[in-house]
There are 2 protein chains.
Amino acid sequence: MATVEPQVPRANGKTRIQARNEARIMAAAETVFADHGFRGATVDEIAQAADMSKPNLLYYFKSKAALYRAVLEHTLRIWLEPLKEIDADKDPETEIRNYIARKIEASAGHPNASRIFASEMLRGAPVLADHLRGDLKSLVARKSAVIEQWIAEGRLAPIDPIHLIFMIWATTQHYADFAVQVKAVWGKGDLGPKDFAQIEAAVSEIVLRGILPRKG
Amino acid sequence: MATVEPQVPRANGKTRIQARNEARIMAAAETVFADHGFRGATVDEIAQAADMSKPNLLYYFKSKAALYRAVLEHTLRIWLEPLKEIDADKDPETEIRNYIARKIEASAGHPNASRIFASEMLRGAPVLADHLRGDLKSLVARKSAVIEQWIAEGRLAPIDPIHLIFMIWATTQHYADFAVQVKAVWGKGDLGPKDFAQIEAAVSEIVLRGILPRKG
DNA sequence: GTCTATAAGCGGATAGAC
DNA sequence: GTCTATCCGCTTATAGAC
């Protein structure tokens, strides 16, 4: 396979090997950081999970902290994407329902991202603090304004937008972060697509009944 | 103060000094384990927080793991208490409302307990796994049956009890575990009694609207 | 009960050969 | 790019003086 130009820089400035190894390291790091948090994770454990020696890993990421920051950035994109898509010009019920669906999809598809984010919050968010007070706060402010507008138009019950958003975050994330507990108490093995469909239906039902205006 | 019998065993088999030092260690351990999880916490950090030397701490708890188990047990009692109090013979709306209130009270009053529990879940609950599948599962089964009964009597909308319970756990815990994020996004400093009262009102409102039968 | 000293091993990170 | 060997500080836990 390796023929003429194994380490010729590519479009993004990385060789094939670089791109492949960095991806392998990131994937391994996500599971270890998710399990044990920043301080509890060890470079050696990550290297072994990536099937690589410790010095070789540190050739790609110059420190444990740098690797953590890279993982956290990746995590953040997955975490924020769904909220951005809420659209003021569409139907509130559809938008909230779709938001819950996308959040649960994210929890199901990227459980480690959710757990890394949770772990960073638990320790007081030393790395993400600025981001929370900046980008995230203003994003939530914009979407809260959308919800306020829907309420003013009588299309949603008069609930506090910020606590609605917190409730959706909390609930959807719960199924990823507390998966062991959910499985133990619900009496399930690993959660499959059918389980997540059921979760989505149950959560949407309670939340939407809770925020839609009464017809009668 | 220290007069005649400083190390005479007391009713619970512990001297005054033992009781006092164990309490100090537990309190210190709770904050450190809450911040960094089991693996990320260090005995030295806990000892310093308890204003005590490391060997002296290990005189009271023979290992880091033993100390962690003691802290987790204490945590668990706080975490489980509110659910046990739900009473089938009383009014569903009152019982659910009080349950949410007690849970938020626990999050406000014992944020470290909540975060330690969360951290244990994140790493897959190696210490609590048996407990989850045993005591907790059967407790939830009993309370789910109560909710099912209320639904059968037409006093609650037909929602899935287990997801209702998960939603209440997730939401109330969110305000303790993700406190940094809540504060940053909500634009508050430390959350005071007034803030928690507001949280309780907002959460109760959405959840209760979501599960009470429609009058019309 | 509390301390200092220390054992024994793990942690992140680097040097330098290939 | 990848490895072995290694530095050195930190970690849990114990020994033994006071």
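Throughout, protein chains are lettered first and strands after them, A, B, ... in sequence-line order, and every chain is numbered starting at 1. All heavy atoms count here, side chains included; hydrogens, waters and symmetry mates do not.
In this structure, the CZ atom of Phe61(B) is 15 Å from the P atom of dT14(D), given to the nearest Å.
Of all the residues in residues 33-52 of chain B, not one reaches under 4.0 Å from DNA chain C with any non-hydrogen atom. Residues from residues 63-74 of chain A lying near DNA chain C, meaning a heavy-atom separation below 4.0 Å, are Ser63(A), Lys64(A) in numerical order. In the region residues 18-31 of chain A, proximity to DNA chain D at under 4.0 angstrom, judged on heavy atoms, holds for Gln18(A), Asn21(A).
Residues His163(A) and Tyr175(B) place their aromatic rings such that the two centres sit under 6.0 Å apart. In this structure, Phe166(A) has its ring center at least 6.0 angstrom away from the ring center of Phe178(B).
One side chain, Glu30(A) or His74(A), offers a donor N or O that lies under 3.5 Å from an acceptor on the other. Side-chain polar atoms of Asn112(A) and Thr31(A) form no donor-acceptor pair below 3.5 angstrom.
Side-chain N/O atoms of Asn56(A) include none lying less than 4.0 angstrom from OP1 or OP2 on dG1(D). For dT2(D), the OP1/OP2 oxygens have a side-chain nitrogen or oxygen of Tyr60(A) closer than 4.0 Å. Distances shown here put every side-chain N or O of Tyr59(A) at or beyond 4.0 Å from the OP1 or OP2 atom of dT2(D).
For the residue pair Arg123(A) and Asp35(B), the shortest heavy atom distance occurs at CB-O, 2.9 Å.
The backbone N or O of Pro82(A) lies less than 3.5 Å from a partner atom in the side chain of Arg102(A), making a donor-acceptor pair. The closest donor-acceptor contact from the side chain of Thr75(B) to the backbone of Phe117(B) lies at 3.5 Å or more, if one exists at all. Checked by atom type and distance alone, the side chain of Glu200(A) never pairs as donor or acceptor with a backbone atom of Ile100(A) at under 3.5 Å. A donor-acceptor contact shorter than 3.5 Å links the side chain of Lys64(B) to the backbone of Phe38(B). Judged by distance alone, with hydrogens and angles left aside, the side-chain atoms of Ser138(B) form a donor-acceptor pair with the main-chain N or O of Asp135(B) at under 3.5 Å.
Distance from the side chain of Ser53(B) is smallest to dT4(C) among dG1(D), dT4(C), dT4(D). Among the nucleotides dT2(C), dC3(C), dG1(D), the one closest to the side chain of Pro55(B) is dC3(C). When distances are taken from the side chain of Leu58(A) to each of dT2(C), dG1(D), dA13(C), the shortest belongs to dA13(C).
For Lys103(B) and Trp79(B), the positive end sits near the middle of the six-membered ring, less than 6.0 Å away and at most 45° from its axis.
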